Amino acid sequence: MSIPNLDMDALRTLFIARQLGSLNRAAERIGRSQSAVSQQMRKLEEQVGTPLFRRQGRGVALTESGELILSYAHRILDLNDEAVHAVRGASVEGMVRFGLPGDFAESWLPKALGQFKKTHPGVREEVAVERNGVLLERLDRGELDLVLAMGYETRADAEPLATLPMTWIGPADTEVVLRSGAPLDLALYHPPCFFRRAGIEALDNANISWRLAYTTASLQSLWSGVAAGLGITLRTAAGLPSTLRRLGKAEGLPSLPSVELCLHGAPPEMPPALANLKRSIVENATLNLRA
């Protein structure tokens, strides 16, 4: 009995569906009809010879076999993409200077940048981790070529990648309680900071008194201060350490707005090295950030 070659497009659709939470959203992301995606999944089930989905309420969920094939899909797609990028990137040379905020410096982006370096041996990378505003100032001075930043979607060069909800953040092992007559301790960045501005505005609108208990210019210092119980903060959940947890309505805290994550500085005509880096960042953002 011959072993079938699994449909690579179907595996990628399955992987994107897990990332986005549904086959319908995956169909929208890859630009195919829902019926075409359903046909892909049926073909994949025929190839492996077992159901991959089961009914769950009004939707569907993966069976044990579906979860198993998904784990292999991740590895297969990684190897496929690495091979393609390695061949395409082997002849590309130059230098790219990329900036990113600390929120993404310990999550999926370093792995993506490391993979880019591996598949583009002739390209020299210079990576800077700074606050969003500082990164864009450096971009405008010509010190960086491409910047990933939050909260500056009104800039003319902004290319939206994802909308990320802001969340209140507190220590994982300590209960945060609002006490009548006592101000809420906050741990925030020095101004200017759009997270700081959004948090203070939300508390003022909710008539919740507050005080600045801890201020810093470093994300790691901010996380440490919150983990130590010096005050709560607000950010997105990107790169949230295990020592911290999300807070919200259960703690009596007001709702917060979302923030746009955008790429900045990519001109219409780019050198191959920069164009390939941009493509890698966009592809990884698509896979790692929910729409």
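All values below come from the heavy atoms of this structure, side chains included, with hydrogens, waters and symmetry mates left out. What you see is a predicted model, and the numbers here were worked out from it, not measured in a lab.
Using a 4.5 Å heavy-atom cutoff, the side chains of Leu148 and Leu135 are not in contact. Side chains of Asp185 and Leu230 form no contact here, defined as non-hydrogen atoms less than 4.5 Å apart. Residues Trp168 and Leu256 have side chains in contact (heavy-atom distance under 4.5 Å, counting atoms from C-beta outward). Lys278 is not listed as a side-chain neighbour of Ile281, based on a closest heavy-atom distance of 4.5 Å or more. Counting heavy atoms from C-beta outward, Leu263 and Val147 have side chains that stay 4.5 Å or more apart. Between Gln40 and Asp9, some side-chain heavy-atom pair lies under the 4.5 Å cut-off.
A donor-acceptor contact shorter than 3.5 Å is absent between the side chain of Asp145 and the backbone of Val96. The backbone N or O of Ala112 lies less than 3.5 Å from no partner atom in the side chain of Asn284, so there is not a single donor-acceptor pair. Thr174 places no side-chain N or O within 3.5 Å of a backbone atom of Pro171 that could act as its donor or acceptor partner. Judged purely by atom type and a 3.5 angstrom limit, Ser280 has no side-chain atom pairing as donor or acceptor with the backbone of Asn276. Side chain of Arg211 to backbone of Pro183: no donor-acceptor contact under 3.5 angstrom is found. In this structure, Arg97 contributes its side chain and Gly142 its backbone to a donor-acceptor pair below 3.5 Å.
If you take CD on Glu260 and CD on Glu153, they are separated by 5.5 Å, rounding to the nearest 0.5 Å. Taken from CG in Leu11 to CE in Met41, the straight-line distance is 8.0 Å, to the nearest 0.5 Å. Atoms CZ and CZ, on Arg235 and Phe195 in that order, are 4.5 Å from each other to the nearest 0.5 Å. In this structure, Asn132 CG and Met150 CE are separated by 5.0 Å, a value rounded to the nearest 0.5 Å.
Here the closest heavy-atom approach between residue Ile208 and residue Pro254 is recorded as CD1-CD, 3.8 Å.
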Handout entry: Thr216 vs Ser218, side chain to side chain donor-acceptor pair (under 3.5 Å): CA-CA, chis, key distance, verdict
Key = CA-CA 6 Å; Thr216 180; Ser218 159; 4.9 Å; no
Practice task
Quick one: do Leu23 and Glu28 satisfy side chain to side chain contact (heavy atoms under 4.5 Å, CB included)? Show the steps, please.
Solution key: CA-CA 9 Å; Leu23 288 171; Glu28 294 176 1; over 6 Å; no
Handout entry: Working for side chain to side chain contact (heavy atoms under 4.5 Å, CB included), residues Leu113 and Glu125
Key = CA-CA 9 Å; Leu113 294 173; Glu125 285 183 90; 3.7 Å; yes
Exercise for the section: Walk me through it: do Arg18 and Glu67 pass the test salt bridge (Lys or Arg N to Asp or Glu O under 4.0 Å)? Expected result: CA-CA 10 Å; Arg18 166 52 65 87; Glu67 292 287 356; 2.7 Å; yes
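Side chains of Tyr214 and Thr233: a donor-acceptor N/O pair is absent below 3.5 angstrom, by distance only. Remark: the Thr63 side chain and the Ser65 side chain contain no N/O donor-acceptor pair separated by less than 3.5 Å. Asp204 and Trp210 are linked by a side-chain donor-acceptor pair at a separation below 3.5 angstrom, with hydrogens and angles left out of the test.
Cluster membership check: Ile232 does not share its hydrophobic cluster with Leu240, using side-chain heavy-atom separations under 4.5 Å among Ile, Leu, Val, Met, Phe, Trp and Tyr.
Contact check on Arg124 versus Glu126 returns a salt bridge, with a Lys/Arg side-chain nitrogen under 4.0 Å from an Asp/Glu carboxylate oxygen. A salt bridge links Arg245 with Glu251: the distance from a Lys NZ or Arg NE/NH1/NH2 to an Asp or Glu carboxylate oxygen falls below 4.0 Å.
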Please report, to 0.1 Å, the donor-acceptor pairs under 3.5 Å made by any side chain of residues 222-229, with sequence neighbours excluded.
residue: Ser224; atom: OG; partner: Gln220; partner atom: O; Å: 3.0

Only pairs under 3.5 Å count here: list side-chain donor-acceptor contacts from residues 44-53, not counting sequence neighbours, and write none if there are none.
residue: Glu45; atom: OE2; partner: Leu52; partner atom: N; Å: 2.8
residue: Gln47; atom: OE1; partner: Asp7; partner atom: N; Å: 3.1
residue: Gln47; atom: NE2; partner: Asn5; partner atom: O; Å: 3.0

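The ring-ring contact (aromatic ring centres under 6.0 Å, His included) test applied to Phe116 returns His120, not counting sequence neighbours. Scored by the side chain to side chain contact (heavy atoms under 4.5 Å, CB included) test, Pro192 finds no partners at all (sequence neighbours excluded). Arg55 is linked by a side chain to side chain contact (heavy atoms under 4.5 Å, CB included) to Val60, counting only residues two or more places apart in sequence or in another chain.
For Arg155, the CZ atom sits in a packed shell: over 12 heavy atoms of surrounding residues, nucleotides or ligands are nearer than 6.0 Å. Atom CD of Gln39 has 12 or fewer heavy atoms from other residues, nucleotides or ligands within 6.0 Å. No more than 12 heavy atoms of other residues, nucleotides or ligands sit less than 6.0 Å from atom CD of Glu64.
The list of ring-ring contact (aromatic ring centres under 6.0 Å, His included) pairs with a residue in residues 7-49, not counting sequence neighbours, reads Phe15-His74.
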